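This one's a predicted model, so the numbers in the text were calculated from it and none came from an experiment. For this chain, numbers begin at 1 and follow the sequence in order.
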Amino acid sequence: MHVHLDVLGGIAGDMFVAAMLDAWPDLAETVQENLRLAGLQDDVEAVVRSHNDGVLTGSRFDVTKMGSVQEAARSHASHHAHGHAHEHDDHDERHGQHHHEHVRDEHHGHHNHTHWRDLRAMLEGSRLDEAVKRAAIAIFHELALAEAAVHGRHVDDVAFHEVGNWDSIADIVAAATLIEAVGEASWSVGSLPLGRGWVKTDHGRLPVPAPATTLLLRGFTFHDDGRPGERITPTGAAILRYLSPSSGIGSSPHVLDRTGIGFGTRRFPGMSNMLRVQAFTNEAAVQERIGVIQFEIDDQTGEEMAVALDHIRAAEGVIDVIQSPVFGKKGRMMASVQVLTRPDAIEAIGALCFRQTTTLGLRSRTEARTILPRQAVTTSDGMRVKIADRPGGPTAKAEMDDLQALRQSHKARSELRRCAEAEALEKSHDHH
């Protein structure tokens, strides 16, 4: 699996989670459960909402407290004060994507400060799966290192402001959950929008991108699309830093498996404020390692050679054996033999080749092999058909052993083969 991030409007923690859940909606329950395991209160609820910005449809990721009506309303208002509904004109003073980790809470006048060492201890002591726990801590640690460098503090003494609140913790735990859920994936990201102007924080007005974001995104490629405001939050930057993505999907062919769109809350005139996820798979071609043994023989009879190669072909670890006629020194006709094996069987099969043939030397190596996934289907007539999953669509091939018993004409066998292959393809399609 390869996952590519298109940072079109920007990226924040909630935008990343929304885009991933838009692509993998079946993981929403896992995210909700992990918020509980992380130690967040039972009244914290994460909801994936369908969203239409008037141009495109996708998802939003909202985290709310479900306590009393008054608390929920206050939390909702505070949440928006941190940047969830910045559709105002004062873009230079307002954060444009998600809650900024230092934006003042205008409703309360002060912050809850959470030190990194305390937040790390909470996560380490949680009931989260170890892999998710490690990913969440690693994302927070990237953020802590950047904040420590910006403010000249020891990393353990960094005091998070908004990032220490339950909604930001939920974003990062959810992001870690989704990153781990897609498994051994490679990641890439396109050029990042730079943004313009200033953002208001506890440390005063800071230029966009914020200093911590700038540190986190050293080495990444940026462009200026002329849009104002903060386009990448420190949390979004920390996620990118943790993923360590390449700059593109590479030149080898990829099959697009799924895509998802996560929206931010800010609106841009004439442009959707979104992060797009594109997930590619190479299921149509599986790469593996294979062992190759080669040698030539010019002094073993055809009868002996056939018996010897049958013994080699039947050995454990052998995938295939082929021979072909070649000309050697003095114009002598020789047999060139190639044995394909599992990589761990090269030594044992090499010894078998020395025992069964008259060769005096072998050449062996391992190399890459690309194979198509395949499955065997039996038709209603008892015909065995092999289905291969090709990038352009599945193909079918009836087994010749099942056809050769028929003593009818070539035309009859060809018709039976076509019918069997068509039935097998239909069965395969129904199964998928």
Side-chain angles (χ1 to χ4, degrees), residues 1-9 11 13-34 46 48-52 55-61 129 131-132 135 174-192 236 239-240 242-263 272 274-289 368-377 386-396 424-432:
M1 177 71 68
H2 179 86
V3 184
H4 181 72
L5 303 176
D6 256 342
V7 184
L8 301 170
I11 181 171
D14 65 328
M15 292 177 73
F16 176 80
V17 174
M20 291 291 288
L21 287 177
D22 197 48
W24 284 276
D26 54 309
L27 294 176
E29 291 185 10
T30 304
V31 167
Q32 180 66 50
E33 175 62 18
N34 277 359
V48 186
R49 305 187 191 278
S50 296
H51 184 73
N52 186 329
V55 178
L56 297 171
T57 59
S59 294
R60 287 277 305 277
F61 181 66
D129 175 81
V132 175
T177 299
L178 294 165
I179 291 168
E180 288 302 314
V182 299
E184 293 295 324
S186 55
W187 296 79
S188 61
V189 67
S191 179
L192 305 175
I239 291 171
L240 288 176
Y242 171 73
L243 291 174
S244 188
S246 61
S247 59
I249 69 171
S251 58
S252 61
H254 289 72
V255 178
L256 182 60
D257 179 61
R258 61 184 72 203
T259 185
I261 290 176
F263 284 103
S272 292
M274 68 183 211
L275 170 71
R276 181 171 63 174
V277 164
Q278 293 171 301
F280 299 88
T281 179
N282 60 352
E283 288 178 350
V286 178
Q287 281 205 338
E288 61 182 22
R289 301 300 296 179
R369 179 171 77 149
T370 304
I371 60 173
L372 294 174
R374 74 286 303 266
Q375 59 175 315
V377 175
K386 185 180 294 182
I387 304 291
D389 293 331
R390 299 185 186 276
T395 58
L425 284 172
E426 186 174 351
K427 279 188 175 182
S428 174
H429 177 75
D430 292 342
H431 175 72
H432 287 296

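Qualifying side-chain hydrogen bond (donor to acceptor under 3.5 Å, both in side chains) partners for Ser188, counting only residues two or more places apart in sequence or in other chains: His2, His4. Applying the side-chain hydrogen bond (donor to acceptor under 3.5 Å, both in side chains) rule to Ser246 yields no partners; only residues at least two apart in sequence or on another chain are considered. Every side chain to side chain contact (heavy atoms under 4.5 Å, CB included) that Ala396 has, sequence neighbours left out, goes to Val385, Ile387, Glu421, Leu425. Partners of Arg289 by side-chain hydrogen bond (donor to acceptor under 3.5 Å, both in side chains), not counting sequence neighbours, listed by chain and number: Thr366. The side-chain hydrogen bond (donor to acceptor under 3.5 Å, both in side chains) test applied to Thr57 returns no partner, not counting sequence neighbours. By the salt bridge (charged side-chain N to carboxylate O under 4.0 Å, His left out) test, Arg374 is found to be paired with no residue, residues two or more places apart in sequence or in another chain being considered.
Between the Ser50 side chain and the Ser59 main chain, no donor and acceptor come within less than 3.5 Å of each other. Using a distance-only test at 3.5 Å, with no hydrogens or angles considered, a donor-acceptor pair links the side chain of Asp22 to the main chain of Ile261. Side chain of Arg276 to backbone of Asp6: no donor-acceptor contact under 3.5 angstrom is found.
Here the closest non-hydrogen pair linking Arg258 and Trp24 is NH1-CD1, 2.8 Å. The two residues Arg60 and Phe263 have their closest heavy-atom pair at CD-O, 3.1 Å.
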Intermediate values then yes/no, side chain to side chain contact (heavy atoms under 4.5 Å, CB included), Leu192 and Leu240: CA-CA 11 Å; Leu192 305 175; Leu240 288 176; 4.1 Å; yes
